[in-house]
Protein chains: 2
Amino acid sequence: MHVTGHTRGGKRPGIRDVATAAGVSYQTVSRVINDHPSVKPATRERVLATIQTLGFRRSATALALASGRTRSVTVLTANTTHYGYAATLQGVEEAARAAGYTVAIGVLESDTVADVRAEVRRAADTGGGLIVMAYDTAGVRALAAVPDELPVVGVVETPSRPPAGHRPWVWTDDREAARTATRHLLDLGHETVHYVAIPSSTRRTGQRTAGWRDALRAAGAPEPRPLAGSWDPAGGYQAGRRLARDPSVTAILCGNDDLALGVIRALHEAGRAIPGEVSVAGFDDAPHSAFLTPSLTTVRLDFTGLGRAAFGRLHGLLEEAEPVAPRPVSVPLLIVRESSGPPPAPLPPNPPSEVPRA
Amino acid sequence: MHVTGHTRGGKRPGIRDVATAAGVSYQTVSRVINDHPSVKPATRERVLATIQTLGFRRSATALALASGRTRSVTVLTANTTHYGYAATLQGVEEAARAAGYTVAIGVLESDTVADVRAEVRRAADTGGGLIVMAYDTAGVRALAAVPDELPVVGVVETPSRPPAGHRPWVWTDDREAARTATRHLLDLGHETVHYVAIPSSTRRTGQRTAGWRDALRAAGAPEPRPLAGSWDPAGGYQAGRRLARDPSVTAILCGNDDLALGVIRALHEAGRAIPGEVSVAGFDDAPHSAFLTPSLTTVRLDFTGLGRAAFGRLHGLLEEAEPVAPRPVSVPLLIVRESSGPPPAPLPPNPPSEVPRA
DNA sequence: CTGAAAGCGCTTACAG
DNA sequence: CTGAAAGCGCTTACAG
């Protein structure tokens, strides 16, 4: 089953084939396919009909070469399998498809400056715009390595300074999200909240860590040292084993849901009940988090919306649309599930000799 | 920080700029960048040096237009967030990057014939090769809608007939994998194994379902009706609720790990112990499956290897390399974890009046 | 081993 | 409203 109808000629019909078939110059065909206003309606109809019967499709590469603008965007990312990355990519793709753009993907496999630069170069060769996922070292370096003349938008952690106008950024309000989650745990009655961090994209403290700290300070709660985690359940598991040894730990916030999964596993192995003895909250609301046992309290972030916004900004950059004021894409939403609850009742100073009745 | 060094001229240098700077014709430059043998070593050196200093990078779109071959592959897929899809995509990307190919991605959002065709057309316009993830209806339809003249490789369920030479397919041996997992459960002593299926990509029975049935028949076990599932934990949860009501169910195989997650959640809510009362096994070995509680018994499939193989076939097709005999990409590996175990001891015919001693 | 010509399939000014 | 020219940055034959 063929998609196009031009089986006879051998190669696909070009603008000139359409022209001769329609009895006009190829010039006019170009005008029709570009929606140029000055074409007589009758002529336009005739050309359109010919395009239809010949199955003409304008060559994207010829268009790119002649016009100088490629209707494509390449997404540069260190990861494609983690939920946040994949969902953001999906958002970019949706928006790009709607706008008739092609989306390419470049994976930053190594984060050395040389490798990152090579990958940026490759992406630049494609000719279109760039969207860089700058959540990690590789991404941050890639964003920095993009030449000034290239249209690029960064998907970043909440920026501390406003981004420059010609290099828009998009972000979710991770700091506020972390504050919200931490407050939730504090409000439940926990004395403090421990934090297992995702790797920071820069040398500075990550936004999620900052938000967690904000909330602790605002509540006057002690500030334990955050545990360096990773992106994976395995990293959460390591951190969880350490935290499980400390009986004073009653609440743990994790930098993402995968870390939380590992932490929960470690606590479980150590025999600590969740949420009876320890509460755990995650970040992202990955699709499986609602089905875990216990189901995971977490903060939902709108990644596909973030991806759509990233493409929107890039599109504006490429087509000289009006610039939009940068702002976080959406408000994070706290989802309370089974993994968080009040802390265990403190041991009474003088243990009663009798078991209290229910 | 700039990636290229050509800040002065304004626009990026072309083949002609290099030629004049090196004192040769642009012809020779073309030969050098194409590794043509007949260039005097000294000349080659000089040109290479000039390319370096000028920061010349050959235009991919000009190359594509002039040569007719685009060094790009677009992956057509209905999904980017499920682990199997994402990991396969990653494999394609790895191999493509190593070969200097660009990878684009097209998402099949709807599976209606019209929408699928439109998406195939868009992908075809890009000009390169196609890799179609044909695990679902949209993918199968997309593969069918690809015009004959386009180089394409399908990533499919185990094919029942050998694929045609000019349209290679790659696959993992899902049927054998399902047999292995089912046998594992049967060997544990379960009378039979229930199955929660992923949606079939065609009207016929899926390969995983077929393998499960093979194993039951070989063992002479009863064949319960498979439960229609989905790709998501939510589908597994629905199926799990139904299975939880049937006390005779002691072993459940799921079409993927996400389904298994939902099934386990439902069993847990119904108060059925895993694996004490019911054993559950999944499919795929997603990254989180090892950290669930109980950790999930599953069959590991090499998705990134599958992606690399898919690109390898396409590359062969595009560069006229020698055709390779089609075969499954790798042998599935059973990973036994906590979610599977022997069935509960049968209730003794005459319950003893005393509690047996430990 | 190296150069001059034609062309890939379009678009962008320039004419009328 | 419509046509003829030049060119986007390369490659592919064709000459020497």
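Throughout, a chain's letter reflects where its sequence line sits, starting with A, and its residues are numbered from 1. These values consider heavy atoms only, across backbone and side chains, with no hydrogens, waters or symmetry-generated copies.
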A.B. asks: Figure out the OH/C1' separation between B:Y26 and C:dA6, and round it to whole Å.
C.D. replies: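 B:Y26 atom OH is separated from C:dA6 atom C1' by 9 Å.
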A.B. asks: Separation of A:R58 atom CZ from D:dC8 atom C1', in whole Å?
C.D. replies: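 A:R58 atom CZ is separated from D:dC8 atom C1' by 15 Å.
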A.B. asks: Got a salt bridge between A:R71 and A:E319, using NZ or NE/NH1/NH2 to carboxylate O under 4.0 Å?
C.D. replies: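 Yes.
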A.B. asks: Please state how far atom CZ in A:R12 lies from atom C1' in C:dC8, giving the value in whole angstrom units.
C.D. replies: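 It works out to 12 Å between those atoms.
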A.B. asks: In the structure shown, which nucleotide is the Watson-Crick or G-U wobble counterpart of D:dA13, with both distances under 3.5 Å?
C.D. replies: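 For D:dA13, the partner nucleotide comes out as none, under the 3.5 Å rule.
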A.B. asks: Is there a donor N/O on one and an acceptor N/O on the other, under 3.5 Å, for the side chain of B:R31 and the base of C:dG3?
C.D. replies: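 It does, because a donor-acceptor pair links the side chain of B:R31 to the base of C:dG3 below 3.5 Å.
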A.B. asks: So, does B:S30 get its side chain near the phosphate of D:dC10, meaning an N or O under 4.0 Å from OP1 or OP2?
C.D. replies: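 False: B:S30 side-chain N/O out of range (4.0 Å or more) of D:dC10 OP1/OP2.
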A.B. asks: Taking atom C1' of C:dC8 as reference, at what distance in whole Å does atom CD1 of A:I15 sit?
C.D. replies: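 My rounded result for the distance is 13 Å.
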A.B. asks: Determine: side-chain N/O of A:S25 to OP1/OP2 of D:dA4, distance under 4.0 Å, yes or no.
C.D. replies: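 The answer is no; no side-chain N or O of A:S25 sits under 4.0 Å from OP1 or OP2.
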A.B. asks: For A:R97, is there an ion pair with B:E109 - N to carboxylate O distance below 4.0 angstrom?
C.D. replies: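 Between A:R97 and B:E109 there is a salt bridge, with a charged N closer than 4.0 Å to a carboxylate O.
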A.B. asks: Quick check: on DNA chain C, is the nucleotide nearest A:A66 upstream (toward 5') of the one nearest B:T43, or the reverse? Name the residue that is more 5'.
C.D. replies: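 Whichever sits nearer the 5' end wins; that is B:T43.
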A.B. asks: Can you identify which nucleotide, out of D:dC10, C:dC10, D:dC1, has its nearest atom closest to the B:A62 side chain?
C.D. replies: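 That would be D:dC10.
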A.B. asks: Do A:T70 and A:S72 pair up side chain to side chain, a donor and an acceptor below 3.5 Å, judged on atom types alone?
C.D. replies: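 Side-chain D/A pair, A:T70 to A:S72: absent.
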A.B. asks: Side-chain contact, heavy-atom cut-off 4.5 Å: B:L143 with B:V152?
C.D. replies: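 In short, these two side chains touch, coming nearer than 4.5 Å.
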A.B. asks: Could you let me know what C:dA4 is paired to, Watson-Crick or G-U wobble, both distances under 3.5 Å, or none if it's on its own?
C.D. replies: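 Pairing partner: none.
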A.B. asks: Apply ring-ring contact (aromatic ring centres under 6.0 Å, His included) to the pair A:F303 and A:Y85, showing each step before the final yes or no.
C.D. replies: CA-CA 8 Å; A:F303 289 113; A:Y85 288 87; 8.6 Å; no
A.B. asks: Counting only side-chain nitrogens and oxygens, does B:R69 get under 4.0 Å of the OP1 or OP2 atom of D:dT12?
C.D. replies: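 Looking at the OP1 and OP2 atoms of D:dT12, one of them is under 4.0 Å from a side-chain N or O of B:R69.
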A.B. asks: Check the phosphate of D:dG9 against B:S59, side-chain N and O only, distance under 4.0 Å to OP1 or OP2. Yes or no?
C.D. replies: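 Checking D:dG9 against B:S59, no side-chain N or O comes under 4.0 Å of OP1 or OP2.
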A.B. asks: Figure out the CD1/P separation between A:I33 and C:dG9, and round it to whole Å.
C.D. replies: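 From A:I33 CD1 to C:dG9 P: 13 Å.
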A.B. asks: Look at the side chain of B:R57 against the base of D:dG9 and say whether a donor-acceptor pair falls under 3.5 Å; ignore hydrogens and angles.
C.D. replies: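 A donor-acceptor contact between them is absent.
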A.B. asks: Please report the distance, rounded to the nearest Å, between CG in A:L65 and P in C:dC8.
C.D. replies: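 About 13 Å, once rounded to whole Å.
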A.B. asks: Are there over 12 heavy-atom neighbours, none belonging to A:Q27, within less than 6.0 Å of that residue's CD?
C.D. replies: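 Above 12, so yes.
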A.B. asks: What nucleic acid atoms does B:G14 come within less than 4.0 Å of, heavy atoms only: base, sugar-phosphate, or nothing?
C.D. replies: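 Sugar-phosphate, no base atom in range.
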A.B. asks: Mapping B:G23 and B:S67 to their closest nucleotides on DNA chain C, which lands nearer the 5' end?
C.D. replies: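 Taking each residue's closest nucleotide, the earlier one in sequence belongs to B:G23.
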A.B. asks: For A:T28 and D:dG3, is the shortest distance between a side-chain N/O and OP1 or OP2 below 4.0 Å?
C.D. replies: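 Yes, within the criterion.
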A.B. asks: Return the value, rounded to whole Å, for the distance between atom CD of A:Q27 and atom C1' of C:dG9.
C.D. replies: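 A:Q27 atom CD is separated from C:dG9 atom C1' by 13 Å.
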A.B. asks: Measure CG/B:N34 against P/C:dC1 and give the value in whole Å, please.
C.D. replies: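 Answer to the nearest Å: 17 Å.
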